[in-house]
Amino acid sequence: MDDKKLGVFICSGCEIGNSLDIDALKEAAEDASTFVHPCLCGEEGLQQIRQELENGIDAIVIAGCSPRFKTEEFRFDDKVVERVSLREQVIWTHPPNDEDTQMMAADAIRMGVARAARVAVNDPATSESDPTILVVGGGLAGLTAAREASRAGHPVVLVEKEEKLGGRRHSFHTVFPSQPPFDRFESGSLDGIISELQASDSVRVLTSATVGAISGQPGSFDVEVRRNGDSAEFRVGAVIQATGWRPYDAHNLPHLGYGKSDNVVTNVQMEDLLAKGVVQKPSDGSTPRRIAFVQCAGSRDSEHLPYCSAVCCRVSLKQALELRRANPDLEVYILYKDIRTPGQYEDLYRKAQSDPGIFFTKAEVESVEPTSDGSLRLEASQTLLGERIALEADMVVLATGMVPVAADGEAIRKVRDARKVIEKGETGARMEAAKKVVEELGESVGESILNLNYRQGPDTPHLRHGFPDSHFICFPYETRRTGIYMTGCMRAPADSESVRVDAAGAVLKAIQAIQLTGEGKALHPRWEDMSFPNFSLQRCTQCKRCTEECPFGALNEDEKGTPKPNPARCRRCGICMGACPERVVSFSDYSIDIVSSMIRAVEIPDEFEEKPRLLCLLCENDAYPALDTAGMKRLQYSSYVRFIPVRCLGSVNTVWIADALSRGFDGILLLGCKSGDDYQCHFIRGSELMGTRGKNIREKLTQLALEEERVRLEEISITEYDRLPEIINEFAEQIEEVGLNPFKGF
Amino acid sequence: MSQATLINPNPAFAQSVLEAGGNQLRNCFQCATCSVTCELAPSDHPFPRKEMIWAQWGLEDRLAADPDVWLCHQCGECSVRCPRDARPGEVLAAIRKLAVRHHSSPRFLWDGVNRPAFLPLMILFPALLLALALLLRDPVAGLLGIQPHVSEGMEYASLFPHWLLISFFSFFLGLSVLASAVGVVRFWRAMAAANPL
């Protein structure tokens, strides 16, 4: 790549010119042409850059502000543009006109030049992307998604396993008010939208049908739909799963009387009773005089459903008001943990409170027992009425929560793999492990719904409580399977209005997936990135690390274990690149070689100068913006540190760490996002994987008689900019204590 | 584990609290802002939060035996701070009123005094008693051998002689003192039973 003509543009504005010796800095660019301008982002400065590009410069290095600023100004399409942050990372955070600050700036330019010399702009991998959207599930969420998609001009294939469309919501007697003044319950029927979809030309409705298999990748999924023994093939661009929910099994709540008396029913059963007209006691058909509602029955309970299902409070308020309207002599007791009525629904709560026949108290209901006279006795503690109380009622309604109808692809795969091991009759630890997996998960994994032909399992992985993995706050609808989106109550429990909004959101995501895939661009979170991983498979040793570690299931495998890439499933995080011991994987603008050459570009002072060098590989999603914020706040930190941003900590290959240590770096700091259940990693497992690799690295260090303190992993969030200087300074102090790298100068 | 107390909600009594002045009672959602606000609420059994839910459930016996409502000065701070405008101060006033009724004996006298509809009756009833006393004055005087008052012109005593005055009013004064005493004793006993020392 030495034939590339490089131009280094140094901006001396924003105090850079006053704080550094710019003439000396030019020398760091070595052979490249250098230009200095007092305000590079101004029209005059930009004109100069354009002029030089016309004069035959292939790649430019802009040394000035952080690459997160002035992005529009410094965009030169089809040209390699490398930004070097002299402002935030050097002069704002270190003393001006200081020897160490100057060295830091020079190294930053050397790294930028090294990178610009090796980076290439690739042609996007455009492909034919089918506009059809597959919607799995014909309840409220699925119907809404199908309607929104067809209105947006996308053909839809709607698959429903039952004979009729409508799902659970369609059978409800009434639903909450959706129109101002929010005081009238509305019919639960979905006949309107069902007939609209059935009449639509662009929506193909398939009832009594299931998904037999899905293979391929976004833009070109091949779907096999099974129906009455036949099967049909479809090509779709994206998939929306809206398989809904089922009520929590109240048989798990014997202490609340379910199963002991016919007069103990669930809220779903009460909805059926209300639909029939007059509510009668199931045991003898007489009219109940007192009905008690037990809220959070099996919800917000670590032994049952640990979460809140969002609607049960409102359902009970609605049912109580309807029961009272039908029978004004009825007394209704509502025993709650907390009444949760968000938004306008506070009015529903007030309305129920103002009814003289509805009584509320906070309570932990401990038992519901049938009595000899045919009524039911409830005992509750922690009530607002003062002490342990007992109540008598003729019927008890258990407000049970929602369980998502979703299959955990990873668990299913684990069990399948384990069963294969058992079939093969292997021996030893593998057999023991396989038996354990089957014993623990075998019964509970259930049936696959999407039947994806993915190496990592036939459905999306779960995060917790049986809901599909996604980062609910930052990235709603996202799953770890690109182009497959979740919506409705199987994504998060919600009421009808929220589900409608949710379904529209999932459709937007699906359309985005179809469109960007066609243009060869990445999806969230590196959306519009046109690079993609190249696999030099002749060196591959089939170790399966990449196919196993890819958080998005992008890689399938052939029988031998060679990865089979699906570029449209890929989110371009580079975790495969970090995983590969053979350095098989590379991107046109991000590779083992590019980062290694940046590491080698840093000048290491010899041991007599007593200036340690620390390499900081930091995640560009959270740690890098935090570093910029620290710069803007002018927080000061050690000038021994050199920064190289990485796509994800998971993309850090241990080769770089070995390179850095052999070059003479004294310490390596890895900054990534938070891992664990509440992970903040944009690629789900990056920092977690680095944690595991880090352990191996430290073991290796000890073997080399190097101190394991030389490599440190820290997890920070984007808001913790104030912790960064502390972390860097503390690490620098620790390295000074440990001493300089003995390999320096070898 | 302590024995569970059976609760029998009484919507009629709850309704009577609303009618007696606590007409915003049902707004209460038990946040306890009132109890935190109240300067007089004892820290070990603060009010008015608990009285609010007792009143919502119509637990008359508990409210009638509750000494806390009598600590209230009706300063109105709780009603001002209440986030749901349930006006606990007014509810406590209504509870005090109904507690008096609960313990009053005979009960009809409380209704007579407290209900405007009974006002004509409350005027008519003593008037009738007085008329009856005047009607029976001479026969009773004859029976008891009391000399009729001899007047030298227009004198009040010739209409309502002293012996009648003293015996008539003393009798009713005695009755009302007795009724008050019975009420106070009943109240005290109820409080003592509900709040063992």
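A, B, ... follow the sequence lines: proteins, then strands. Residue 1 opens every chain. Both backbone and side-chain heavy atoms feed into the values below; hydrogens, waters and symmetry mates do not.
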> Using non-hydrogen atoms and a limit below 4.5 Å, what part of residues 348-357 of chain A faces chain B?
Replying inline: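 Heavy-atom contacts from residues 348-357 of chain A to chain B are A/Tyr349, A/Arg350, A/Gln353, A/Ser354, A/Asp355, A/Pro356.
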
Heavy-atom distance under 4.5 Å to chain B: side chain of [X], backbone, both or neither?
X        : value
A/Arg377 : side chain
A/Ser381 : neither
A/Phe359 : both

>> Among residues at least two apart in sequence or on other chains, which ones pass salt bridge (charged side-chain N to carboxylate O under 4.0 Å, His left out) with A/Glu364?
In response: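 Salt bridge (charged side-chain N to carboxylate O under 4.0 Å, His left out) list for A/Glu364, sorted by chain: empty.
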
> Does A/Glu271 pair with A/Lys318 as a salt bridge, N-O distance under 4.0 Å?
Replying inline: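 Answer for the salt bridge query: yes.
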
> Got a sec, which pairs hit salt bridge (Lys or Arg N to Asp or Glu O under 4.0 Å) with one end in residues 74-88 of chain B, sequence neighbours left out?
Replying inline: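 Output for this query lists A/Glu346-B/Arg84, B/Glu77-B/Arg81, B/Asp85-B/Arg87.
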
>> Does B/Gln30 form a side-chain hydrogen bond (donor to acceptor under 3.5 Å, both in side chains) with B/Arg49? I'd like the steps, not just the answer.
In response: CA-CA 6 Å; B/Gln30 293 285 299; B/Arg49 203 263 321 143; 2.7 Å; yes

>> Tell me which one of B/Leu92, B/Leu40, B/Ile95 satisfies side chain to side chain contact (heavy atoms under 4.5 Å, CB included) with B/Cys72.
In response: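 The single option meeting the side chain to side chain contact (heavy atoms under 4.5 Å, CB included) with B/Cys72 is B/Leu92.
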
> Should B/His45 and B/Asp68 be marked as a side-chain hydrogen bond (donor to acceptor under 3.5 Å, both in side chains) after you check the CA-CA gap, both sets of side-chain angles, and the distance that decides it?
Replying inline: CA-CA 9 Å; B/His45 46 103; B/Asp68 293 341; 3.0 Å; yes

>> Taking ring-ring contact (aromatic ring centres under 6.0 Å, His included) as the definition, give me every residue that meets it alongside B/Phe168, ordered by chain and number, with sequence neighbours left out.
In response: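 B/Phe168: ring-ring contact (aromatic ring centres under 6.0 Å, His included) contacts with B/Phe172.
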
> For B/Leu25, is it the side chain, the backbone, both or neither that has a heavy atom under 4.5 Å from a heavy atom of chain A?
Replying inline: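 Answer is neither: B/Leu25 stays 4.5 Å or more from chain A.
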
>> Please check this pair: side chain of A/Lys337 against backbone of A/Ser299, looking for a donor-acceptor N/O pair closer than 3.5 Å.
In response: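 Checking the backbone N and O of A/Ser299 against the side chain of A/Lys337, a donor-acceptor pair under 3.5 Å is found.
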
